[in-house]
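Values reported hereafter were calculated over all heavy atoms of this structure, with side chains retained and with hydrogens, waters and symmetry mates removed.
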Amino acid sequence: MRMKQPNILLMMCDQLRADSIGAYGNGIVRTPHLDRLAQRGLVYQRAYSSCPVCVPARYTIRTGREPYNTGYYDNGGFQPPTGQPANHEERCGAYLPRTMAQLGYRTFGVGKFHTDPWDEELGYEVQLRSEELFDTPEQEAGDDYARYIRERHPEYAHIDQLHGERTDMYYMPQVSPLPARLTVEAWVADQAVELINNHTDHRPYFGFVSFIGPHPPLAPPVPFNRMYNPDAMPNPVRGDRDVDFMDEQLPWMNHLIWAEDIDDPRARALKARYYGEITYIDQCVGRILDAVESRGDADNTLIVFFSDHGDHMGDHHAWQKESFFEASARVPFFLSWPERITSHGKRDDLVCLTDLFAIATHAAGRTETRDGVDVLGILKGVSSPREYLFGWYGQPGKPTFKLMVRHADWKYIYMSNGGREQLFHLGEDPQELVELSGRHPDIAADLRRVAAEEAARHPALAPAMSGSSLRSYPFAERPLTRIRQFNLARGVSDFDVN
């Protein structure tokens, strides 16, 4: 007899480190509802974003494809894979929401999508957007959350950056310009609860709920802005600066976002606000979980919670993401389905965001692994876990290209800029403070060979190869620059210098 299709709910945060949740061992931050979700199912200890930056991660989620098929290796825009169609769905297959609709689901998506272009149609029956920045008046007008504030709460419509001030304030402790009941996180939770509570449509639901936070600016609303004492926060964990900055993108990124000289007191204050934002989002997640559990089909509801990447938060002398250090690339990953997954606890399988497509389609009854692995099949014992997990960042054939290999307790990182490499043993050194490629050249060479063999399998990565080896370039630092993150939709592009 065919089993009844479950409801499926994917929930994500932006820039949430795995170690910033109680269920992952953080003894400071308060995340009772995420911990409650963890207790409802499985916690994956070794989950990664295979391209730890905004746009590529989200195209991986909606396609089940890696960057060599999506054509997104960084936030610099689409790089068409050689010989493949330019249309994303012709190249990668139907997007996940469109696939789920074809499988009989009512579909909805709420929150941040980070599409290219901004208004790309993804296949949801109901899609409600809340993006970070607006480049044009049309984008601001088309943003559902901005419209909600403009039409329902015009007393706040004068605020040109609803999620906090950016540019030079990007990594400055802030408080939300809006009360807790009106922030984008509260709005996302409101919309999700309403859509989950739709009892008139008897199809199972596929929902995608995407919070903007705790992505900077770190601006939790009152009272979450003062929930954590900065003096109780630990300082960043820094290794040898020369090792941390072997990836020259890190000092370049620090300067880009006005974060090149953050001292420990400010770093502790930022972590306090980061945790405040996380606890606030946790409260919003709790409301969504309550809505799920209020339905009669709660036990036949599959929930996956994850983030698109982490944030260095000062670790390794760095801020932001876009490296393969754990703080940036490792993500939380909870899998809960009480009717089918009765065992609770921690899993050490190597999983990544690419696997979400197979999780959803397997649960719906028609598994498509695409570039991922069948996580639910692994739990059933009918599929094999991956031995190696790969990460890719930067356009192949450019010095910015770099890759990661995770295998057992080892992590290997290769950077085309200078042909630099790093090797860490995460079992003995989870904070990645001891670089081991010089002490274990045989292991580094073996993982470099595995990486080159994997890259050679994908035509789009050919420019990253030199024969059968990974290409390297003479090391060069990038010219330092700043990014202005004003509301271009309102005609503000720089400081008033007159």
Side-chain angles (χ1 to χ4, degrees), residues 44-52 56-57 60 64-70 73 81 243 246-247 322-326 328-331 347-355 358 369-375 378 383-430 432 434-473:
Y44 283 81
Q45 299 284 90
R46 301 195 300 171
Y48 288 88
S49 175
S50 56
C51 190
T60 288
R65 299 295 190 185
E66 294 287 2
Y68 47 75
N69 281 318
T70 67
Y73 298 91
V243 173
M246 286 175 72
D247 184 348
E322 301 181 57
S323 86
F324 287 116
F325 283 127
E326 293 285 276
S328 166
R330 182 174 172 237
V331 297
R347 298 278 302 192
D348 288 329
D349 314 57
L350 286 168
V351 299
C352 64
L353 301 181
T354 322
D355 302 333
T369 55
R370 295 195 176 181
D371 292 338
V373 299
D374 183 5
V375 171
I378 293 168
S383 296
S384 299
R386 56 167 61 85
E387 183 178 2
Y388 299 94
L389 187 146
F390 300 94
W392 318 93
Y393 177 90
Q395 185 180 349
K398 300 291 185 181
T400 53
F401 180 79
K402 55 194 175 190
L403 61 81
M404 172 193 76
V405 184
R406 279 287 281 116
H407 172 64
D409 282 332
W410 294 100
K411 178 193 285 185
Y412 172 80
I413 303 169
Y414 179 83
M415 293 155 273
S416 294
N417 190 4
R420 297 178 167 195
E421 58 185 1
Q422 295 174 325
L423 181 70
F424 299 101
H425 190 281
L426 297 184
E428 298 174 356
D429 178 29
E432 300 168 297
V434 183
E435 200 283 301
L436 295 172
S437 62
R439 297 187 210 175
H440 297 283
D442 53 336
I443 295 174
D446 183 59
L447 292 176
R448 183 170 61 251
R449 174 189 58 78
V450 169
E453 289 176 353
E454 177 64 18
R457 294 179 56 239
H458 308 290
L461 299 180
M465 303 293 294
S466 176
S468 60
S469 302
L470 295 167
R471 186 181 300 277
S472 67
Y473 298 85

N/O donor to acceptor pairs below 3.5 angstrom from side-chain atoms of residues 465-472, sequence neighbours left out:
{"unit_1": "Arg471", "atom_1": "NE", "unit_2": "Pro463", "atom_2": "O", "d": "2.9"}
{"unit_1": "Arg471", "atom_1": "NE", "unit_2": "Met465", "atom_2": "O", "d": "3.4"}
{"unit_1": "Arg471", "atom_1": "NH2", "unit_2": "Met465", "atom_2": "O", "d": "2.6"}

### Task
Take Gln395 and Phe401 through the side-chain contact (heavy atoms from CB on, under 4.5 Å) test and state the conclusion after the steps.
CA-CA 5 Å; Gln395 185 180 349; Phe401 180 79; over 6 Å; no
### Query
Roughly how far, to the nearest 0.5 Å, is OG of Ser50 from CZ of Arg406?
14.0 Å
### Charged N-O contact under 4.0 Å between Asp247 and Lys402
yes
### Query
So which heavy atom on Ala57 is nearest to which on Leu353, and how close?
CB-CD1, 4.1 Å
### Task
State, with a plain yes or no, whether a side-chain heavy atom of Thr400 is found less than 4.5 Å away from one of Tyr73.
no
### Task
Determine the minimum heavy-atom distance between Leu423 and Ala444, stating which atoms define it.
CD2-N, 4.1 Å
### Query
Excluding sequence neighbours, so at least two apart, what forms side-chain contact (heavy atoms from CB on, under 4.5 Å) with Pro399?
Asn417, Tyr473
### Query
To the nearest 0.5 Å, what is the distance between CG (Asp409) and CG (Asp348)?
9.0 Å
### Query
What pairs with Gln422 under side-chain contact (heavy atoms from CB on, under 4.5 Å), at least two apart in sequence or on another chain?
Val243, Met246, Phe325, Ile413, Met415, Phe424, Glu435
### Query
Between Lys411 and Asp429, does at least one N-O distance fall below 4.0 Å, as a salt bridge requires?
no
### Query
Excluding sequence neighbours, so at least two apart, what forms side-chain contact (heavy atoms from CB on, under 4.5 Å) with Asp442?
His440
### Message
So, using side chain to side chain donor-acceptor pair (under 3.5 Å) as the criterion, who are the partners of Asp371 when residues are at least two apart?
### Response
Arg65, Asn69
### N/O donor-acceptor pair under 3.5 Å between His407 side chain and Glu387 backbone
yes
### Message
Over 60° means perpendicular and under 30° means parallel, so tell me whether His458 and Tyr68 are parallel, tilted or perpendicular.
### Response
parallel
### Task
Spell out, as yes or no, whether a donor-acceptor pair under 3.5 Å connects the side chain of Arg448 to the backbone of Ala452.
no
### Task
Working to the nearest 0.5 Å, report the span between CG of Leu426 and CD of Gln45.
12.5 Å
### Message
Among residues at least two apart in sequence or on other chains, which ones pass side chain to side chain donor-acceptor pair (under 3.5 Å) with Tyr412?
### Response
Glu421
### Task
Please round to the nearest 0.5 Å and tell me the distance separating atom OH of Tyr48 and atom CG of Leu389.
8.0 Å
#### Entry: Worked verdict on Trp410 versus Leu436 for side-chain contact (heavy atoms from CB on, under 4.5 Å)
CA-CA 10 Å; Trp410 294 100; Leu436 295 172; 3.8 Å; yes
### Message
Under 4.0 Å between a side-chain nitrogen and a carboxylate oxygen: does that hold for Arg449 and Glu453?
### Response
yes
### Message
What I'd like to find out is whether the side chain of Cys51 reaches to under 4.5 Å of the side chain of Glu66, using heavy atoms alone.
### Response
no
### Message
Donor-acceptor check, side chain of Asp355 to backbone of Val375, threshold 3.5 angstrom: yes or no?
### Response
no
## Note on the structure
CG (Asp349) and CZ (Arg46) are apart, to the nearest 0.5 Å, by 8.0 Å
### Task
Work out which heavy atom in Gly64 is nearest to a heavy atom in Thr354; give both atom names and the distance.
O-CG2, 3.3 Å
#### Entry: From CA spacing to verdict: side-chain contact (heavy atoms from CB on, under 4.5 Å), Trp392, Leu461
CA-CA 10 Å; Trp392 318 93; Leu461 299 180; 3.6 Å; yes
### Query
If you round to the nearest 0.5 Å, how far is OH of Tyr393 from OG of Ser328?
9.5 Å
### Query
Which atoms form the tightest heavy-atom contact between Val405 and Ala451, and what is the distance?
CG2-CB, 3.6 Å
### Message
When you measure from the side chain of Glu454 to the backbone of Phe390, do you find a donor-acceptor pair of N or O atoms at a distance under 3.5 Å?
### Response
no
